[in-house]
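Because only heavy atoms are used, hydrogens play no part in the values below, and waters and symmetry mates are left out as well, while side chains stay in. Residue numbers count from 1 along this sequence.
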Amino acid sequence: MTTTVHRAQDRFHTKIEWLDSWHSFSFGSHYDRNNTHNGQLLVVNDDVIGPGGGFGTHPHRDMEIVTWVLDGAVEHQDSEGNHGTIEPGLAQRMSAGTGIAHSEMNASRTAPVHLVQMWVLPDTEGLPPGYEQRAVGDALATGELVPVASGKGHDGAITIHQKDAVLWVGRLAPGKRVTVPDAPHVHVYVARGSVTLDGAGELGEGDAARLSDAGTPSLTAGPDGTEVIIWETA
């Protein structure tokens with residue numbers, strides 16, 4: 001049983017003209033052999049994309065990619081003919097499978113878009129590429145942890161091809177207390193606000209806690225509430 005806290009300021013950082021990105025794990029030219037994943041979770045990138053900017057068409061293979069927008073809107077297009085605009089409360093999953101090329105562009109030319117993109121290993125390689133998006137805003141309005149992406153068949157969640165992984169998101173009111181799911185590996189990421197997590201203490205915006213066989217600790221939202229993103233994986 002271990003709990004390790006990774007602070008926001010210690011993440012890898014990429015900043016160019018149109019992108020301000022913070023990487024929770026090794027990514028691209030940023031590499032630390034001791035920080036490559038947490039269970040089956042390989043990437044948590046917290047991106048702010050400037051007006052009119054974005055990631056031009058680029059390829060992926062054998063990866064489950066989930067995009068969660070905090071502010072603004074991102075436009076997705078891919079080589080399978082899928083086209084979608086992702087806004088807050090709308091979950092998106094792209095399964096790269098045997099190979100797919102896509103672009104992710106800020107849908108606005110006047111305002112930035114703020115998103116968190118996450119990559120999880122699939123449980124089967126060589127699947128056909130796929131795409132799904134689903135509105136989950138009504139469920140989030142309950143103020144509880146909501147399964148947003150799941151390989152375990154949760155109702156209302158987008159489907160990922162990883163039977164041991166679930167993404168939970170909570171928009172929690174000040175002082176709200178929830179139970180973190182029990183799994184071999186759990187990654188708690190604070191997208192907004194702050195929380196107090198049993199065994200880890202206070203976590204601020206951009207902080208993360210990586211839990212291994214930690215049971216079901218309690219998480220309490222800070223005085224201004226929080227938006228928390230939690231992955232459970234094997």
Taken to the nearest 0.5 Å, the spacing of Ser21 OG from Asp47 CG works out to 3.5 Å
Yes or no on side chain to side chain contact (heavy atoms under 4.5 Å, CB included) for Tyr31 and Thr36, after CA distance, side-chain angles and deciding distance? CA-CA 8 Å; Tyr31 182 74; Thr36 58; 3.9 Å; yes
Any side-chain heavy-atom pair of Asp213 and Pro184 under 4.5 Å: yes
Is a side-chain donor or acceptor of Ser79 paired with a backbone partner of Ile100 at a separation under 3.5 angstrom? no
If you compare all heavy atoms of Gly175 against all heavy atoms of Thr220, which two are closest, and at what distance to 0.1 Å? O-CG2, 3.7 Å
Are the side chains of Glu132 and Thr159 in touch, meaning some heavy atoms are under 4.5 Å apart? yes
Just how far is it from atom CG of Leu121 to atom NE2 of His161, taken to the nearest 0.5 Å? 14.5 Å
His185 versus His187, side-chain donor and acceptor atoms under 3.5 Å: no
Looking at every non-hydrogen atom in both residues, tell me the closest pair between Thr110 and Ser108 and how far apart they are. N-OG, 3.0 Å
What's the shortest heavy-atom distance between Glu64 and Ser95, and which atoms? OE1-OG, 2.8 Å
Please answer whether the main-chain N or O of Ala8 pairs with a side-chain N or O of Asp207 as donor and acceptor at a distance below 3.5 Å. yes
What about Tyr131 and His102, are their ring centers closer than 6.0 Å? no
Are Val116 and Leu70 side-chain neighbours, meaning at least one heavy-atom pair lies under 4.5 Å? yes
When you look at CD of Glu17, are more than 12 heavy atoms from neighbouring residues, nucleotides or ligands closer to it than 6.0 Å? no
Close side-chain approach of Tyr189 to Asp46, heavy-atom, < 4.5 Å: yes
Looking only at side-chain N and O atoms, does Asp164 offer a donor or acceptor that is under 3.5 Å from a partner on Thr233? no
Any side-chain heavy atom of Leu211 sitting closer than 4.5 Å to one from Thr3? yes
Would a 4.5 Å heavy-atom cut-off, applied to side chains only, mark Glu144 and Lys176 as touching? yes
Heavy-atom pair of closest approach, residues Pro122 and Gln162: C-NE2, 3.4 Å
Do Glu227 and Val169 touch side chain to side chain, with heavy atoms closer than 4.5 Å? yes
Roughly how far apart are Thr85 OG1 and Gln92 CD, rounded to 0.5 Å? 10.0 Å
Say whether, by atom type as modelled, one donor and one acceptor occur between the side chain of Asp62 and the main chain of Gly126 under 3.5 angstrom. yes
Residue from Leu167, Val186, Val166 passing side chain to side chain contact (heavy atoms under 4.5 Å, CB included) with Trp231: Leu167
So, taking the atom named CG in Leu203 and the one named OG1 in Thr226, what distance separates them when rounded to the nearest 0.5 Å? 9.0 Å
Taking Arg61 for its side chain and Thr98 for its backbone only, find out whether a donor-acceptor pair lies under 3.5 Å. yes
So which of Gln117, His23, Arg11 actually passes side chain to side chain donor-acceptor pair (under 3.5 Å) with Asn45? His23
Applying ring pair (Phe, Tyr, Trp, His ring centres under 6.0 Å) to His83 and not counting sequence neighbours gives none
When you compare the side chain of Met118 with that of Ile229, does any pair of heavy atoms fall below 4.5 Å? yes
Tightest non-hydrogen contact, residues Glu80 and Asp78, listed as N-OD1, 2.8 Å
Just checking Trp18 against Phe55, ring centres under 6.0 Å apart? yes
Taking the side chain from Asn106 and the backbone from Gly50, do they hold a donor-acceptor pair closer than 3.5 Å? yes
Side-chain donor-acceptor contact under 3.5 Å, Arg210 with Ser212: no
Hey, what do you get for CE (Met94) to CD1 (Ile160), rounding to the nearest 0.5 Å? 14.0 Å
Between His30 and Thr14, is there a side-chain donor-acceptor contact under 3.5 Å, judged purely by atom types and distance? yes
What are the two closest non-hydrogen atoms of Ala221 and Leu172, and how far apart are they? CB-CB, 3.8 Å
Tell me if the CG atom of Asp32 is crowded by more than 12 foreign heavy atoms within 6.0 Å. yes
Can you list the residues that meet the salt bridge (Lys or Arg N to Asp or Glu O under 4.0 Å) rule with Lys152, with sequence neighbours excluded? Glu232
If I take atom CG from residue Leu42 and atom OG from residue Ser24, how far apart are they, to the nearest 0.5 angstrom? 12.5 Å
Looking only at side-chain N and O atoms, does Thr196 offer a donor or acceptor that is under 3.5 Å from a partner on Glu202? no
Side chain to side chain contact (heavy atoms under 4.5 Å, CB included) evaluation trace for His6 with Phe25: CA-CA 10 Å; His6 290 254; Phe25 301 99; over 6 Å; no
